[in-house]
Peer 1: 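I'd like to ask you about the structure that follows.
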Amino acid sequence: MYDISELKRCISDLYEKHRGNNAGEVARYIPELGKADPDLFGISVVTVDGQEFSVGDHQHEFTIQSIIKPIAFLLALELHGREKTLEHVGIEPSGDAFNSVELHPQTRLPYNPMVNAGAIAVASLIKGASPDEGIQLLLQRLAIAAGRELRIDEKVRDSESLTGSRNRAIAYLLRNFDVIDDRIDHTLHQYFSQCSVLVNCRDLAMIAATMANVGENPASGKEAFALTFVRDAMAAMFTCGMYDYSGEWAYRVGIPAKSGVAGGIMAVINRQLGISVYSPRLDARGNSVRGIAVCTALAEEFGLHAFEFMNPGSNFLRDA
Ligand code: DON
C-alpha cells in the first residue's frame, strides 16, 4: 500500500540519486538542441485527481520533439477515424532506429506513428489547408491538456528544417509510395513545427495525466482528446514509444511512454498518473539516460508495470 506522500518522497530521493549521473550525450544533429545545458534535470508527476509534485528544473522549457507523436496520432484518428488513418501508417514495432529511412516491406507503409516515417505520414493527415491550420489545432489541444498556452520555438524548428535532409528523404519515400500527398513542404513544415513546441516537465506530466484520465485534463475537467482514441495512442506508446528499446522497456518498465531527443520522457499510468522526466543527456537510441533510470526505478518501487501481479500503484488515489 502506498500513498501520494510516499510517491513524493520517492521522487525526491530519485532526483538526488540520479543528479550525479552524467552518462550520455546531448543531441547535436539538430544544431540548436546542442546548446542545451546537459545538467538540467526535472521530474514531475500529476495524478488523475489533480494532485501534482515536481522537483528540480521542472519549469525549464525545452522542445517536445518526438513526444508529440502520440498526440499527433490521436488527432489524426479524431480527424479521419481508424480505418483511414491506418491506410497511411501501421502499428507494428520496427525494431529499428527512429530515423530509419524505411517502410514495412509488405504494406509499404511506415511501421508505426512513433518513428519519424510514421509521424511524417501523420503530420500529412493533420496539416490542414494552410501552413498554420494543423499547427493551431495541435496547439489548441495541447493548451487544454497542459493547462496553459504553449508556443513553438522557431529557432529549433528552423534549425531542424535547415539540417533535416534525412526527414526530407523519408518524406519523398512516403510520397513515392503514395502514403502522403504532394504537399511535401507543407507536411514537413507541420512535422518540424510540431516537434518544436516548447514544454516544461510539469506540462508533460499534465499532458500524461490527461491521457491517463482518458482525455480530460484532471485540473480543469476540460476535454483535450477524444476518449475513444486515447487507447490507440497509449497502445502505440507501449509497443513502439521507446524506439529500438521498446521491447525491453515494455518488459522491464511496462508503462506506455514516449521519449524526445531534447531529453523529455512522458509516461502514462492508465487511470492513475502522469509522469515526466527531463534530462538532455541521451543514450545511443535517443532516450534520456536519467529519464530511463527514474522511470525504471519508479515502476519497480510502486509496482507500476502493466502486468505486475500486485500493482500496488493502483492504490495511489485510494490512499491520497
Ligand atoms: O525528426 C527528428 O529527428 C526530431 N525532430 C525528433 C526525433 C526525436 O525526438 C526522436 N526521439 N527520441
Side-chain angles (χ1 to χ4, degrees), residues 24-36 61-73 89 93-102 110-124 127 135 138 152-174 180 184-185 187-199 201 204 207 236-237 239-246 248-249 253 256-267 276-292 295:
E25 294 290 333
V26 171
R28 294 187 204 287
Y29 77 98
I30 300 173
E32 226 15 66
L33 292 187
K35 296 179 181 169
E61 287 191 319
F62 56 94
T63 52
I64 195 164
Q65 296 298 336
S66 288
I67 302 167
I68 201 67
K69 288 171 177 167
I71 313 286
F73 181 45
V89 61
S94 70
D96 294 322
F98 68 86
N99 57 2
S100 295
V101 186
E102 65 177 359
Y111 276 88
N112 65 70
M114 303 294 109
V115 291
N116 288 11
I120 293 170
V122 166
S124 173
K127 66 183 180 301
I135 299 162
L138 202 58
I152 285 167
D153 184 331
E154 287 170 11
K155 269 193 178 167
V156 173
R157 181 193 54 203
D158 295 347
S159 179
E160 182 167 7
S161 184
L162 270 174
T163 55
S165 304
R166 203 175 169 105
N167 283 327
R168 277 176 214 287
I170 292 172
Y172 278 92
L173 180 69
L174 294 173
I180 62 173
I184 295 173
D185 285 342
T187 292
L188 285 165
H189 172 72
Q190 173 76 28
Y191 176 75
F192 293 140
S193 302
Q194 64 192 38
C195 290
S196 303
V197 174
L198 281 167
V199 286
C201 200
L204 279 186
I207 295 169
M237 287 164 74
T239 52
C240 317
M242 303 298 281
Y243 305 116
D244 36 339
Y245 187 61
S246 295
E248 218 167 306
W249 174 271
V253 188
K258 188 73 204 80
S259 63
V261 287
I265 293 189
M266 171 178 95
S276 163
V277 184
Y278 169 57
S279 172
R281 287 196 185 90
L282 310 180
D283 63 18
R285 285 137 160 164
N287 296 321
S288 168
V289 173
R290 285 170 173 155
I292 287 197
C295 291

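Numbering of residues begins at 1 and proceeds along the displayed sequence. Counting convention: from 1, in listed order, for ligands and their atoms alike.
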Peer 1: Is the CD atom of Glu248 crowded by more than 12 outside heavy atoms at less than 6.0 Å?
Peer 2: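 Yes, CD of Glu248 has more than 12 neighbouring heavy atoms, counting only those of other groups under 6.0 Å.
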
Peer 1: Please report which non-hydrogen protein atom sits nearest to atom 3 (O) of ligand 1, along with the residue it belongs to and the distance in Å to one decimal place.
Peer 2: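 Looking only at protein heavy atoms, the one closest to atom 3 (O) of ligand 1 is Tyr29 OH, 2.5 Å.
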
Peer 1: Looking at Arg157 and Glu160, does any basic side-chain N land under 4.0 Å from a carboxylate oxygen?
Peer 2: no

Peer 1: Any idea which part of Leu282 is under 4.0 Å from ligand 1, heavy-atom wise: side chain, backbone, both or neither?
Peer 2: neither

Peer 1: Verify the neighbour count for atom OH of Tyr29: are there more than 12 heavy atoms of other residues, nucleotides or ligands below 6.0 Å?
Peer 2: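 More than 12 within 6.0 Å, yes.
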
Peer 1: Heavy-atom distances under 4.0 Å are what count here, so tell me which part of Glu160 touches ligand 1: side chain, backbone, both or neither.
Peer 2: side chain

Peer 1: How far is atom 8 (C) of ligand 1 from its nearest protein heavy atom, and which residue and atom is that?
Peer 2: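 It is Ser66 OG, 2.4 Å.
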
Peer 1: If you measure from each heavy atom of Asn116 to ligand 1, is any distance below 4.0 Å?
Peer 2: yes

Peer 1: Answer with yes or no whether Tyr191 contacts ligand 1, where contact means a heavy atom under 4.0 Å from a ligand atom.
Peer 2: yes

Peer 1: Do any N/O atoms on Phe98 end up under 3.5 angstrom from N/O atoms on ligand 1?
Peer 2: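 In fact, backbone or side chain, Phe98 has no N or O that close.
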
Peer 1: Any atoms of ligand 1 less than 4.0 Å from a non-hydrogen atom of Asn167? List them with their elements.
Peer 2: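 Checking each atom against Asn167, I get 1 (O), 2 (C), 3 (O).
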
Peer 1: What is the closest protein heavy atom to atom 11 (N) of ligand 1, and at what distance does it sit?
Peer 2: Tyr243 OH, 3.0 Å

Peer 1: Glu61: what forms a salt bridge (Lys or Arg N to Asp or Glu O under 4.0 Å) with it, not counting sequence neighbours?
Peer 2: Arg148, Arg151

Peer 1: Considering non-hydrogen atoms only, spot the tightest contact between Ser246 and Gly241 and give its length.
Peer 2: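 Looking at all heavy atoms of both residues, the closest pair is OG-N, 3.6 Å.
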
Peer 1: Quick check on side chain to side chain donor-acceptor pair (under 3.5 Å): which of Thr187, Asn116, Asn99 does Asn167 satisfy it with?
Peer 2: Asn116

Peer 1: Would you say Ile30 has any N or O atom under 3.5 Å from an N or O of ligand 1, going by distance alone?
Peer 2: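 In fact, backbone or side chain, Ile30 has no N or O that close.
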
Peer 1: Could you list the atoms of ligand 1 found under 4.0 angstrom from a heavy atom of Cys195?
Peer 2: 5 (N)

Peer 1: Please answer whether the main-chain N or O of Thr163 pairs with a side-chain N or O of Arg168 as donor and acceptor at a distance below 3.5 Å.
Peer 2: no

Peer 1: List the steps and the verdict of side chain to side chain donor-acceptor pair (under 3.5 Å) for Ser66 and Tyr243.
Peer 2: CA-CA 10 Å; Ser66 288; Tyr243 305 116; 2.8 Å; yes

